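The structure presented is a predicted model; accordingly, all values stated were derived computationally and were not measured. Throughout, protein chains are lettered first and strands after them, A, B, ... in sequence-line order, and every chain is numbered starting at 1.
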There are 2 protein chains.
Amino acid sequence: MTYSTQQDETVAPEAGASEDKGRRDEIVAVARRLLEHHGPDGVTMRAIASELGIRAPSLYKHVADKRELEVALIADGFRQQAEAFEQSEEHAIETFARRYRTWALEHPHLYRLMTDRPLPRNELPDGVEERAARPLIQAFGGSVDHARAAWAFAHGMVTLELAQRFPPDADIDAAWRVGIDAISNQSATTTNTR
Amino acid sequence: MTYSTQQDETVAPEAGASEDKGRRDEIVAVARRLLEHHGPDGVTMRAIASELGIRAPSLYKHVADKRELEVALIADGFRQQAEAFEQSEEHAIETFARRYRTWALEHPHLYRLMTDRPLPRNELPDGVEERAARPLIQAFGGSVDHARAAWAFAHGMVTLELAQRFPPDADIDAAWRVGIDAISNQSATTTNTR
DNA sequence: CATTGTAGGCTAACAGCGTTAGCAATGTCA
DNA sequence: TGACATTGCTAACGCTGTTAGCCTACAATG
């Protein structure tokens with residue numbers, strides 16, 4: 001058996017730096033699609049390769065390991081979140097909460113990937129995490145304690161909803177209202193800007 | 001090669017019903033220990049078997065599959081939580097929060113196992129989930145919306161802490177204080193007892 | 001034009017995972 | 001003593017991520 005037509009596309013590498021980018025980006029894109037459509041179990045190296053018409057070991061010519069793919073998806077997720085959360089309105093807290101929940105429910109698997117495990121902060125582009133977090137901190141006038149409490153509440157609501165931990169007849173909107181109300185009407189006695 | 005000394009322990013089965021209990025409980029106990037000490041990746045069927053001096057396939061004489069083991073651990077976790085949370089004090093909310101956090105930090109892997117995925121409610125002993133949840137609902141005088149908001153906050157704080165998502169210098173205690181303060185001083189405008 | 005180097009495919013294979021099939025030895029009971 | 005259930009075993013399957021080593025096509029250089 002001979003390799004008949006491998007490497008058809010000759011794309012004339014444009015002058016400049018590393019040209020690995022194209023293929024690598026394709027791989028990441030496929031991984032993202034598989035994650036969204038088939039969940040974490042659907043993201044296997046063989047499945048990714050198959051979608052690209054190649055075999056799994058070939059992926060390692062472009063990517064060090066699977067973890068690197070996940071890091072790429074996480075970094076991308078932060079960028080998406082930053083865009084979704086950035087705003088300059090009143091009712092900042094309510095707006096943030098709504099957008100946070102919406103984003104998470106629209107990207108459940110990516111959200112889990114981003115929050116399940118410790119962040120690979122060393123491998124993440126600089127500032128990417130900060131930028132996604134800034135809108136929330138601003139909404140609380142720089143009080144990080146309040147911002148963290150609000151974040152924890154939102155994160156808890158979202159993960160419990162995603163994991164279907166509330167009873168089927170639970171009024172999730174009502175719980176959101178109660179929580180947001182409580183935190184935004186909070187008397188800022190112990191404001192911490194650290 | 002012959003099987004030399006298999007099945008040494010002759011324990012004289014006490015009269016009564018199914019005697020699978022003993023071995024099955026041992027298996028669950030080993031699984032729990034492995035989960036606590038080595039995390040979820042340490043809980044493999046081969047590792048469990050090895051601890052018991054047998055081979056992995058033999059486990060299936062006592063347990064249907066790995067999921068059943070996990071369900072047993074989850075049920076046990078709920079029982080532990082119920083005992084840890086049940087109380088009859090004042091400052092119920094603060095006390096609950098402290099105990100909730102303490103329990104989660106003491107059993108991080110079990111906590112994750114219990115909250116990560118949808119509960120196998122069909123396979124769980126009746127009432128076990130309810131009982132663990134009751135102390136919290138009582139602390140809020142039966143308002144399930146407030147209880148859920150508080151639960152989400154606590155769950156969010158705990159999972160973010162376990163996943164090391166707060167910056168290393170973050171004042172986690174302060175965030176807890178802010179959140180608890182907000183929710184317990186909440187004006188109960190929209191009380192829902194459903 | 002011939003040579004060399006590299007990029008990016010490939011197959012074969014390994015260790016580890018959960019799990020199944022089928023066999024063997026032991027202990028219990030009639 | 002014979003039958004049967006219990007509980008162990010080995011071998012194996014299909015899946016996972018990953019490595020080693022090979023081959024082919026193209027680009028650049030002499």
Side-chain angles (χ1 to χ4, degrees), chain A residues 1-28 30-31 34-35 38-73 113 117, chain B residues 1-28 30-31 34-35 38-73 113 117:
Chain A
M1 184 213 302
T2 64
Y3 311 150
S4 46
T5 43
Q6 92 188 25
Q7 216 158 297
D8 332 9
E9 302 182 79
T10 312
V11 198
E14 50 252 65
S18 70
E19 278 326 306
D20 202 5
K21 273 302 184 90
R23 202 54 161 156
R24 208 196 103 109
D25 286 354
E26 281 180 16
I27 293 171
V28 174
V30 168
L34 285 175
L35 179 66
H38 304 289
D41 291 352
V43 187
T44 70
M45 298 304 271
R46 284 171 176 84
I48 296 170
S50 169
E51 288 282 300
L52 290 165
I54 62 178
R55 305 305 178 96
S58 303
L59 296 174
Y60 293 84
K61 299 288 179 173
H62 307 276
V63 174
D65 51 21
K66 193 184 181 185
R67 183 67 189 151
E68 187 185 311
L69 279 184
E70 295 177 352
V71 171
L73 295 184
L113 185 66
R117 284 175 297 227
Chain B
M1 184 213 301
T2 64
Y3 312 150
S4 47
T5 43
Q6 93 188 23
Q7 215 156 298
D8 334 10
E9 300 183 79
T10 313
V11 198
E14 49 251 67
S18 70
E19 279 326 306
D20 201 7
K21 273 302 183 90
R23 202 55 161 155
R24 209 196 102 110
D25 286 355
E26 282 180 15
I27 293 171
V28 175
V30 168
L34 285 175
L35 179 65
H38 304 289
D41 292 351
V43 187
T44 70
M45 298 303 272
R46 284 171 176 84
I48 296 170
S50 169
E51 288 282 300
L52 291 165
I54 63 178
R55 306 304 178 96
S58 303
L59 295 174
Y60 293 84
K61 299 291 178 171
H62 308 276
V63 173
D65 52 21
K66 194 185 180 185
R67 182 68 188 151
E68 186 185 312
L69 279 184
E70 294 176 353
V71 171
L73 295 184
L113 185 65
R117 283 174 297 222

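- Expressed to the nearest 0.5 Å, how far CD1 of A:Ile48 lies from NZ of A:Lys66 amounts to 7.0 Å.
- Between A:Arg24 atom CZ and C:dA7 atom P the separation is 16 Å, expressed in whole Å.
- Between the CD atom of B:Glu26 and the C1' atom of D:dT7 there is a distance of 13 Å, rounded to whole Å.
- With sequence neighbours left out, the side chain to side chain contact (heavy atoms under 4.5 Å, CB included) criterion links A:Arg67 to A:Asp65, A:Glu70, A:Val71, A:Arg117, A:Pro120.
- Taking atom CZ of B:Arg55 as the reference point, atom P of D:dT7 lies 19 Å away to the nearest angstrom.
- Listed here is the closest heavy atom pair of A:Arg24 and A:Ala72: NH2-CB, 4.0 Å.
- For C:dG9, its base sits under 3.5 Å from the side chain of A:Lys61 at one donor and acceptor pair at least.
- The distance between atom OH of B:Tyr60 and atom P of D:dC9, rounded to the nearest whole Å, is 14 Å.
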Quick one: do B:Arg23 and B:Ile54 satisfy side chain to side chain contact (heavy atoms under 4.5 Å, CB included)? Show the steps, please.
-> CA-CA 12 Å; B:Arg23 202 55 161 155; B:Ile54 63 178; 3.5 Å; yes
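- Atoms CG (A:Leu59) and P (D:dT19) sit 13 Å apart, rounded to a whole Å.
- Phosphate contact (OP1/OP2 of D:dC9, side-chain N/O of B:Ser58, threshold under 4.0 Å): present.
- We find the CG-CG distance between A:Leu35 and A:Leu69 to be 11.0 Å, quoted to the nearest 0.5 Å.
- For the segment residues 44-54 of chain A, the set of residues with a heavy atom within less than 4.0 Å of an atom of DNA chain C comprises A:Arg46, A:Gly53, A:Ile54, in numerical order.
- Only one option out of B:His62, B:Glu68, B:Met45 pairs with B:Ile27 in a side-chain contact (heavy atoms from CB on, under 4.5 Å); it is B:His62.
- Taking only side-chain atoms of B:Pro57, from C-beta outward, the nucleotide of D:dT10, C:dT11, D:dT18 with the closest atom is D:dT10.
- Of all non-hydrogen atoms in B:Ala56 and B:Ala49, the two that sit nearest each other are N-CB, 3.4 Å.
- Checking B:Ala56 against A:Lys66, the closest nucleotide of DNA chain D that is more toward the 5' end is the one next to B:Ala56.
- For residues 41-54 of chain B, the pairs satisfying side chain to side chain donor-acceptor pair (under 3.5 Å) are B:Arg33-B:Glu51, with sequence neighbours left out.
- A:Ile27 has its CD1 atom 13 Å from the C1' atom of C:dA7, to the nearest Å.
- In this entry the distance linking CZ of B:Arg67 with P of C:dT19 reads 11 Å, nearest Å.
- The phosphate of D:dG8 (OP1 or OP2) has a side-chain N or O of B:Arg23 nearer than 4.0 angstrom.
- Axis angle, first five pairs versus last five pairs of the helix from C:dC1-D:dG30 to C:dA30-D:dT1: 20°, rounded to 10°.
- For B:Arg55, there are no salt bridge (Lys or Arg N to Asp or Glu O under 4.0 Å) partners, not counting sequence neighbours.
- Residue B:His62 has a polar side-chain atom (N or O) positioned under 4.0 Å from OP1 or OP2 of D:dG8.
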